[in-house]
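So that the names make sense, note that chain A is the first sequence line, chain B the second, and so on, each numbered from 1.
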Protein chains: 2
Amino acid sequence: METNDLLKLENQLCFPLYAASRLVTKCYQPLLDELGLTYPQYLVLLVLWETDSVNLKVLSEKLQLQSNTLTPLLKRMEDTGLISRTRSEEDERSMIMALTKKGSLLKHKAPAVQSQLSNNLGISLEEAQQLHGLLYKLMGHLETK
Amino acid sequence: METNDLLKLENQLCFPLYAASRLVTKCYQPLLDELGLTYPQYLVLLVLWETDSVNLKVLSEKLQLQSNTLTPLLKRMEDTGLISRTRSEEDERSMIMALTKKGSLLKHKAPAVQSQLSNNLGISLEEAQQLHGLLYKLMGHLETK
DNA sequence: TACATTTGTATCGTGCACGATATAAAAGCA
DNA sequence: TGCTTTTATATCGTGCACGATACAAATGTA
């Protein structure tokens, strides 16, 4: 490719990644609005529904988000009654996030969100799996940098 | 897949998209820091290097960002001397962004950013093209919603 | 046991993103 | 020409993201 072509927006990998990510988040939003959630908050719940009572470090690793992003986000979730935040007794540094009744019950509504969304994506299951694989491969390499 | 599996973080398409996008942006940042740019600002320059003097509407369509995101971003770029912002004479509503000398000269440094980054991605050219294609297919379908 | 180092969270400042809304210029039309 | 509607941009408020930094609890070590 020529230099000028290399610099074209549509030839970059970064841009479609960035645009597609925002676009998919936007598709989630109307569904999540009904549950009173933002998209990152929904991700937190996905983690907690899988494993309840995790500390910030674990949450941070799973979501690839740092404490400066998560702490305020989790405080907002505490304020809206979705989770509780308590210090660990064994290690006073560790902050443990656990589902409240309200946060726990929302799990029943999540499958509807997922199925609604996957119907909307407009790509086949094979393509979705392919995309999934490529994204994890990309991440796997970049994380070790 | 079972309901519980469907809700697992790693099985979602949305999460790797979101995480990979942030991760790639993070890889750009040290390179862009040397040019005094943020990643979205770099995207604006990519558009302007391709076609100078575009109004906000065009920029908004190309980057899929709205005026409430772009206006302050472009003002910051004006403040740092990268672009000029002037009202169109034919249509007083239209705000036209054009490269300054400084913004124009930065184009010479962009190929180095691109080649540095593509070396870092850790996926083959074929995989990158495949990923590129899948992302555009995804976007193409979602945009028409 | 004293002290340095590491670890887990939190705080601060800046820059996006975006829904909702405002405003003025332009275009359409009775 | 008056008036409505559309279009292009801007403003406001809220919630992320993240680099840099602070701080206290835990750990390692002489």
Side-chain angles (χ1 to χ4, degrees), chain A residues 14-15 17-34 36-44 54-80 82 85-97, chain B residues 14-15 17-34 36-44 54-80 82 85-97:
Chain A
C14 59
F15 175 68
L17 209 49
Y18 161 79
S21 172
R22 289 188 294 114
L23 199 53
V24 171
T25 304
K26 241 182 194 167
C27 291
Y28 267 94
Q29 209 48 65
L31 303 168
L32 294 179
D33 280 345
E34 294 179 29
L37 293 172
T38 65
Y39 177 68
Q41 290 175 9
Y42 178 65
L43 293 179
V44 169
V54 296
N55 63 16
L56 197 138
K57 184 180 163 55
V58 170
L59 214 48
S60 171
E61 282 163 357
K62 294 213 181 192
L63 298 177
Q64 303 276 335
L65 290 167
Q66 301 163 348
S67 65
N68 48 9
T69 299
L70 284 173
T71 297
L73 189 156
L74 294 167
K75 281 182 178 172
R76 279 187 289 273
M77 292 182 76
E78 189 183 28
D79 291 343
T80 52
L82 293 165
R85 293 166 73 248
T86 39
R87 290 276 168 193
S88 161
E89 298 207 348
E90 306 94 70
D91 187 338
E92 281 287 325
R93 293 170 305 178
S94 180
M95 181 66 86
I96 297 173
M97 267 55 70
Chain B
C14 59
F15 175 68
L17 210 49
Y18 162 76
S21 171
R22 288 187 296 113
L23 199 53
V24 171
T25 304
K26 243 181 191 166
C27 291
Y28 267 94
Q29 210 48 67
L31 303 169
L32 295 179
D33 280 345
E34 296 179 28
L37 294 172
T38 65
Y39 177 67
Q41 289 174 9
Y42 178 65
L43 293 179
V44 169
V54 296
N55 63 17
L56 198 140
K57 185 180 164 52
V58 170
L59 215 46
S60 171
E61 282 164 357
K62 293 212 179 191
L63 299 178
Q64 303 278 333
L65 290 168
Q66 300 163 349
S67 66
N68 47 8
T69 299
L70 284 174
T71 297
L73 190 156
L74 295 168
K75 280 183 179 174
R76 281 188 288 273
M77 293 181 75
E78 189 183 28
D79 289 344
T80 52
L82 293 165
R85 295 168 70 248
T86 38
R87 290 277 169 192
S88 161
E89 298 208 346
E90 304 92 71
D91 187 338
E92 279 289 323
R93 293 170 304 177
S94 180
M95 179 68 84
I96 297 173
M97 268 53 72

Heteroatom pairs (N/O) under 3.5 angstrom, protein to nucleotides 1-4 of chain D:
none

Using the 3.5 Å cut-off, write out each protein N or O paired with an N or O of nucleotides 22-27 of chain C and the distance between them.
residue	atom	partner	partner atom	Å
C:dA26	OP1	B:E92	N	3.0

Considering only distance and modelled atom types, tabulate donor-acceptor pairs under 3.5 Å from the side chains of residues 65-73 of chain B, sequence neighbours left out.
residue	atom	partner	partner atom	Å
B:T71	OG1	B:S67	O	3.0

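Distance from the side chain of B:T71 is smallest for D:dT9 among the nucleotides C:dG8, D:dT9, C:dA10. Checking D:dA10, C:dA10, D:dA8 against the side-chain heavy atoms of B:R87 singles out D:dA10 as nearest.
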**Asked** What string of B, S and - do you get for nucleotides 15-20 of chain D, 5' to 3', if B is base contact, S is sugar-phosphate-only contact and - is no contact with any protein heavy atom under 4.0 Å?
**Response** SSBBBB

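Listed by chain and number, the residues in a salt bridge (Lys or Arg N to Asp or Glu O under 4.0 Å) with A:K75 amount to none (sequence neighbours excluded). Partners of A:E34 by salt bridge (Lys or Arg N to Asp or Glu O under 4.0 Å), not counting sequence neighbours: none found. Considering only residues two or more places apart in sequence or on other chains, A:R93 meets the salt bridge (Lys or Arg N to Asp or Glu O under 4.0 Å) condition with A:D91. Every residue two or more places apart in sequence or in another chain that forms a side chain to side chain contact (heavy atoms under 4.5 Å, CB included) with B:Q64 is listed here: A:R22, B:E143. Considering only residues two or more places apart in sequence or on other chains, A:R85 meets the salt bridge (Lys or Arg N to Asp or Glu O under 4.0 Å) condition with A:E78. Applying the side chain to side chain donor-acceptor pair (under 3.5 Å) criterion to B:D79, with sequence neighbours excluded, gives no partner residue. The ring-ring contact (aromatic ring centres under 6.0 Å, His included) check on A:Y39 picks up A:Y28, B:Y18, with sequence neighbours excluded. Taking A:K57 as the reference, A:N55, A:E61 meet the side chain to side chain contact (heavy atoms under 4.5 Å, CB included) condition, with sequence neighbours excluded.
Between B:I96 atom CD1 and D:dA10 atom P the separation is 12 Å, expressed in whole Å. Rounded to whole Å, atom C1' of C:dA10 lies 15 Å from atom CG of A:L59. Here the P atom of nucleotide D:dA8 and the NZ atom of B:K57 are 4 Å apart, to the nearest Å. If you take CE of A:M95 and P of D:dA24, they are 15 Å apart, rounded to a whole angstrom.
The nearest pair of heavy atoms linking A:M97 to A:L74 is CE-CD1, 3.6 Å.
Using a 4.0 Å cut-off, no side-chain N or O of B:K75 falls inside it from OP1 or OP2 of D:dT9. A sub-4.0 Å separation between OP1 or OP2 of C:dT9 and a side-chain N or O of A:S60 is absent.
Separating the CG atom in A:L37 from the OH atom in A:Y42 is a distance of 9.0 Å, to the nearest 0.5 Å.
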